[in-house]
Amino acid sequence: MITPPNNTTPDPATEIRDERDYRAVQAALSRRSEPPWVMQFLINLFERYRQARKIGWSRPWNKHGTVIFESFRLDPRRDADLLAYAHKVLTFLRAPMPATALELVDELAAAGADLMAFVFLAHVQEGPRRFERVTFGLGRRSSIAPRCRDRVDIDLDSEIHGDRSDGVSRVRVFVDPYRAKPRGLVWCHETERVPAAARSLFERTRVLARDWSDNDRRWTHWTSDYLNYFGPRRWALATTQLPPADAAPPERPAGLTASKPTLPAG
């Protein structure tokens, strides 16, 4: 089994090499008996392996410089109206999509109860630029490999100027169905020509999320205590587009390192 280095700054060159290593790390994590910094090291190691192979939900494409501070799971039936706006955003961007991306987008729009849908609220540092972000993650279990996922992300970004965030100013879309080979991202697109459907989706979400924080849509998992891209809000803003922080964020386990998100190559 992989052994983390004996300090609080894990060696980024240490990686899971194969399925045997993967199972050993998974077993160690399931026991939850290691010190917090070792748990942090192992979980982020585990996450990089999974992201690179599209195992489970997470993808690396929009994690760099990102801190997710709220997560919600949507219900395809209860949240059908909101999800319809998400599909309208994808419809607006259909023209440049390759056939593989179009196929997944269309199939997710017709997935019904099989659709998996999440909303993530985040603060993002991108060089000198800062953003508040709402991400819609849409997906399903892969028919090719059941432990893998087909995934589409819509990032709605509101740029921060000083201590103000004034509304959605950029849209990014990542379309990433599972494929055994090649493993890379199928299609991505960024535009500052924000479609009306994206503005509507952003506005509706920021209003609804105020109530989601108190109901069963809030999504949490113990691993988020250790993943580098989860944490408290980075900035206190005079004008925010996201629901205000009405209470202190939950404390993460003591002893974690302040490492930045680490992404797999490719």
Side-chain angles (χ1 to χ4, degrees), residues 57 59-66 68 70-112 115-127 129-140 149-161 164-177 185-212 217 237 239-243:
W57 188 255
R59 295 291 198 271
W61 320 121
N62 51 359
K63 300 298 190 301
H64 186 66
T66 299
I68 297 170
E70 285 279 19
S71 306
F72 306 99
R73 185 163 191 164
L74 302 185
D75 182 281
R77 296 181 182 88
R78 285 193 297 168
D79 301 306
D81 289 347
L82 188 64
L83 290 168
Y85 278 95
H87 292 303
K88 285 180 181 178
V89 174
L90 296 173
T91 297
F92 177 82
L93 296 171
R94 287 181 66 88
M97 286 186 192
T100 305
L102 277 173
E103 181 180 13
L104 177 58
V105 166
D106 288 344
E107 289 178 358
L108 290 180
L115 180 70
M116 305 168 74
F118 292 84
V119 171
F120 304 100
L121 308 184
H123 280 170
V124 181
Q125 181 84 49
E126 196 175 279
R129 303 177 75 183
R130 298 179 299 151
F131 298 90
E132 291 187 305
R133 173 173 293 165
V134 173
T135 294
F136 272 76
L138 310 175
R140 66 182 180 187
R149 302 290 181 269
D150 301 321
R151 174 87 183 256
V152 173
D153 273 359
I154 305 170
D155 288 344
L156 305 176
D157 291 342
S158 174
E159 190 159 10
I160 298 168
H161 300 281
R164 299 179 60 88
S165 173
D166 295 323
V168 61
S169 55
R170 183 176 74 175
V171 178
R172 304 194 312 168
V173 173
F174 302 84
V175 181
D176 195 28
L185 178 65
V186 168
W187 186 77
C188 61
H189 183 74
E190 177 179 317
T191 180
E192 296 188 1
R193 182 189 168 203
V194 180
R199 296 189 188 280
S200 297
L201 180 62
F202 188 85
E203 290 301 318
R204 291 171 71 87
T205 303
R206 64 189 291 263
V207 171
L208 291 171
R210 296 174 186 270
D211 296 327
W212 290 347
R217 285 180 179 81
L237 304 176
T239 302
T240 176
Q241 297 300 311
L242 303 182

Could you tell me whether the side chain of [Y] reaches within less than 4.5 Å of the side chain of [X], counting heavy atoms only?
{"X": "Phe174", "Y": "Leu185", "result": "yes"}
{"X": "Trp187", "Y": "Val173", "result": "yes"}
{"X": "Leu82", "Y": "Phe136", "result": "yes"}
{"X": "Ser158", "Y": "Phe202", "result": "yes"}
{"X": "Leu138", "Y": "Leu90", "result": "yes"}
{"X": "Val119", "Y": "Trp212", "result": "yes"}

**Prompt:** With sequence neighbours excluded, what pairs up with Arg78 under the salt bridge (charged side-chain N to carboxylate O under 4.0 Å, His left out) test?
**Reply:** Asp216

[atom1]/[X] to [atom2]/[Y] distance, rounded to the nearest 0.5 angstrom?
{"X": "Thr205", "Y": "Phe72", "atom1": "OG1", "atom2": "CZ", "value": "10.0 Å"}
{"X": "Leu83", "Y": "Lys88", "atom1": "CG", "atom2": "NZ", "value": "12.5 Å"}
{"X": "Glu190", "Y": "Asp157", "atom1": "CD", "atom2": "CG", "value": "8.0 Å"}
{"X": "Arg217", "Y": "Asp79", "atom1": "CZ", "atom2": "CG", "value": "4.0 Å"}
{"X": "Leu242", "Y": "Leu121", "atom1": "CG", "atom2": "CG", "value": "5.5 Å"}
{"X": "His64", "Y": "Gln125", "atom1": "NE2", "atom2": "CD", "value": "9.5 Å"}

**Item:** Sidechain-backbone polar pair: Arg133 side chain, Val124 backbone, donor-acceptor under 3.5 Å
**Value:** no

**Arg206 (side chain) donor-acceptor with Gln241 (main chain) under 3.5 angstrom** = yes

Under 4.0 Å between a side-chain nitrogen and a carboxylate oxygen: does that hold for [X] and [Y]?
{"X": "Asp150", "Y": "Arg140", "value": "yes"}
{"X": "Arg94", "Y": "Asp106", "value": "yes"}
{"X": "Arg170", "Y": "Glu126", "value": "yes"}

On a heavy-atom basis, which atom in [X] and which in [Y] lie closest, and how many Å separate them?
{"X": "Lys63", "Y": "Arg59", "answer": "NZ-O, 2.7 Å"}
{"X": "Met116", "Y": "Trp57", "answer": "O-CH2, 3.5 Å"}
{"X": "Asp153", "Y": "Gly137", "answer": "OD1-CA, 3.3 Å"}
{"X": "Leu201", "Y": "Ala86", "answer": "CD2-CA, 3.8 Å"}
{"X": "Ala198", "Y": "Val171", "answer": "CB-CG2, 3.9 Å"}
{"X": "Val168", "Y": "Arg199", "answer": "O-NH1, 3.2 Å"}

**Request:** Taking atom CZ of Arg164 as the centre, report whether more than 12 heavy atoms of other residues, nucleotides or ligands fall under 6.0 Å from it.
**Result:** no

**Prompt:** Can a donor-acceptor pair be found between the side chains of Glu132 and Ser165 at a distance below 3.5 Å?
**Reply:** yes

